[in-house]
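Proteins come first, then strands; the chains are lettered A, B, ... in the order of their sequence lines, and each starts at number 1.
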Protein chains: 2
Amino acid sequence: MLLTIDENDNRPIYLQIISQIREQVGNGTLKPGDELPSVRDVADSLKINMHTVRSAYLKLREQGIISMHLGRRAKIAAIQLQSDTAYAEADIKARLKELMTDAILQGINPEELAILVNQLLEQLKEEFKSDQGEHYER
Amino acid sequence: MLLTIDENDNRPIYLQIISQIREQVGNGTLKPGDELPSVRDVADSLKINMHTVRSAYLKLREQGIISMHLGRRAKIAAIQLQSDTAYAEADIKARLKELMTDAILQGINPEELAILVNQLLEQLKEEFKSDQGEHYER
DNA sequence: TAACTGTTATATTATTTATATAACAGTTTG
DNA sequence: CAAACTGTTATATAAATAATATAACAGTTA
């Protein structure tokens with residue numbers, strides 16, 4: 001599994017890891033049941049501390065994205081707990097609005113933005129369609 | 001000018017202030033030349049420290065959103081410095097993609113998302129059109 | 001001149017992020 | 001079974017960020 005640290009990204013390392021794993025779950029690179037590399041392996045390969053990786057994994061578990069158990073390797077969760085969708089939608093909407101005003105303030109006009117958004121939407125729709133596959137957990 | 005602190009928002013106070021002002025600039029509530037309340041006034045009304053407000057204002061100045069000068073009250077900048085648009089676009093695109101995968105993971109399907117996005121886009125387009133008005137600074 | 005502005009300086013506190021070491025407790029593998 | 005893996009817990013430390021508190025300074029406005 002590919003994980004990297006972007007020095008230009010001002011977010012903390014553990015958040016970058018979370019983003020990348022969520023991204024890969026979202027686009028199907030990681031599927032339910034897939035095992036994640038151990039916290040020590042990730043730490044070694046990225047040359048960071050074990051606990052930095054672990055804090056990322058812990059958050060992901062809280063979010064229902066992965067499962068972790070003592071002695072076992074972490075894996076992508078079988079069931080994505082989709083917390084209260086109404087709340088989620090309000091949250092997403094707020095983030096989206098902020099993002100768009102940012103975009104416009106930075107000189108991207110709404111037409112460009114629309115193109116950008118629709119490209120991503122089409123992309124995600126396809127991935128979403130082909131991702132209604134087998135779920136398992138033992 | 002309306003500013004509030006959201007206890008549920010886990011972002012630092014100064015970032016919340018930045019967001020709200022950018023938001024109001026973006027949607028036309030604040031226009032170029034409009035004066036901002038003094039750092040002390042904002043601090044008093046929100047019951048926070050003067051320097052917390054100031055750090056928000058400083059960031060906004062760095063971003064070219066407002067102008068600040070010794071002795072004078074801060075005001076919305078006349079010219080929005082639109083920093084390197086290519087870079088901005090890449091940044092926005094990355095944020096957008098993350099947002100969308102988050103949305104989908106939270107149980108919002110792409111169709112709902114598309115509706116959400118297009119509503120906001122239409123809204124912003126109108127605001128953008130009616131915002132090509134008078135700019136001034138003395 | 002007095003009452004505002006932002007600015008600079010110094011200090012302190014709390015929280016977050018990341019590292020470092022070490023031991024513990026389960027699971028898997030040879 | 002034993003060794004080599006897993007995640008877990010504990011403790012400690014360092015660095016950076018966020019927020020507060022006071023006080024004085026330096027321009028601008030009324």
Side-chain angles (χ1 to χ4, degrees), chain A residues 1 3-21 30 33-78 136-138, chain B residues 1 3-21 30 33-78 136-138:
Chain A
M1 191 187 59
L3 288 176
T4 56
I5 296 174
D6 180 359
E7 299 292 344
N8 299 334
D9 192 332
N10 53 346
R11 293 176 308 165
I13 297 173
Y14 82 98
L15 282 183
Q16 292 189 37
I17 293 175
I18 290 176
S19 285
Q20 289 173 45
I21 292 178
L30 287 173
D34 284 356
E35 287 188 340
L36 297 172
S38 78
V39 291
R40 287 177 182 84
D41 281 354
V42 175
D44 288 350
S45 68
L46 295 182
K47 284 168 186 149
I48 59 178
N49 192 274
M50 196 190 81
H51 294 98
T52 304
V53 181
R54 186 167 132 82
S55 69
Y57 280 21
L58 284 176
K59 284 283 178 189
L60 286 167
R61 176 164 64 182
E62 283 173 24
Q63 294 167 6
I65 310 294
I66 72 175
S67 66
M68 285 169 88
H69 301 284
L70 216 183
R72 297 197 236 165
R73 186 167 287 183
K75 56 173 76 170
I76 304 301
Y136 62 91
E137 168 133 38
R138 66 153 227 94
Chain B
M1 191 186 59
L3 288 176
T4 56
I5 296 174
D6 181 359
E7 300 292 344
N8 299 334
D9 192 333
N10 53 347
R11 292 177 307 164
I13 297 173
Y14 82 99
L15 282 184
Q16 293 189 39
I17 293 175
I18 290 176
S19 283
Q20 290 173 45
I21 292 178
L30 287 174
D34 284 357
E35 286 187 342
L36 297 172
S38 78
V39 290
R40 287 177 182 84
D41 281 354
V42 175
D44 288 350
S45 67
L46 295 182
K47 285 167 185 149
I48 58 177
N49 192 274
M50 196 189 81
H51 293 99
T52 304
V53 182
R54 185 167 133 81
S55 70
Y57 280 21
L58 283 176
K59 283 283 179 190
L60 287 167
R61 177 164 63 179
E62 283 172 25
Q63 295 169 5
I65 310 295
I66 72 174
S67 65
M68 286 170 87
H69 300 284
L70 217 183
R72 296 197 236 164
R73 186 166 285 184
K75 55 172 76 169
I76 305 300
Y136 62 90
E137 168 132 41
R138 65 155 228 92

Gap between atoms CD and P, on A:Gln16 and C:dT16 respectively (whole Å): 19 Å
Just the rounded figure in Å: distance from C1' of C:dG26 to NE2 of A:His69. 12 Å
From CD of A:Glu35 across to C1' of C:dT28 the rounded distance in Å is 11 Å
For residues 51-60 of chain A, tabulate all N or O donor-acceptor pairs below 3.5 Å that involve a side-chain atom, not counting sequence neighbours.
from	atom 1	to	atom 2	distance (Å)
A:His51	ND1	A:Asn49	OD1	3.1
A:Ser55	OG	A:Thr52	O	2.9
A:Tyr57	OH	A:Pro37	O	2.7

Rounded to 10°, the helix from C:dT1-D:dA30 to C:dG30-D:dC1 deviates from straight, judged by its five-pair end axes, by 30°
Proximity to the side chain of A:Arg73 - top-ranked nucleotide from D:dC5, D:dA18, D:dT9: D:dC5
Measuring from B:Ile13:CD1 to B:Leu3:CG, what's the distance to the nearest 0.5 Å? 12.0 Å
Under 4.0 Å from OP1 or OP2 of C:dG6: is there any side-chain N or O of B:Arg54 that close? no
Would you tabulate the pairs of protein nitrogen or oxygen atoms and nucleotide nitrogen or oxygen atoms of nucleotides 19-21 of chain C closer than 3.5 angstrom?
from	atom 1	to	atom 2	distance (Å)
C:dT19	OP2	A:Asn49	N	2.9
C:dT19	OP2	A:Thr52	OG1	2.6

Ignoring backbone atoms, establish whether B:Arg61 has a side-chain N or O less than 4.0 Å from OP1 or OP2 of C:dG6. no
How many angstroms lie between atom CG of B:Leu30 and atom NZ of B:Lys75, to the nearest 0.5 angstrom? 13.5 Å
Roughly how many Å is it from OH in A:Tyr14 to P in D:dA16, rounded to a whole number? 18 Å
From C-beta outward on A:Arg72, which listed nucleotide comes closest to its side chain: C:dA18, C:dG6, C:dT27? C:dT27
Among residues 36-43 of chain B, which contact DNA chain D at a heavy-atom distance under 4.0 Å? B:Arg40
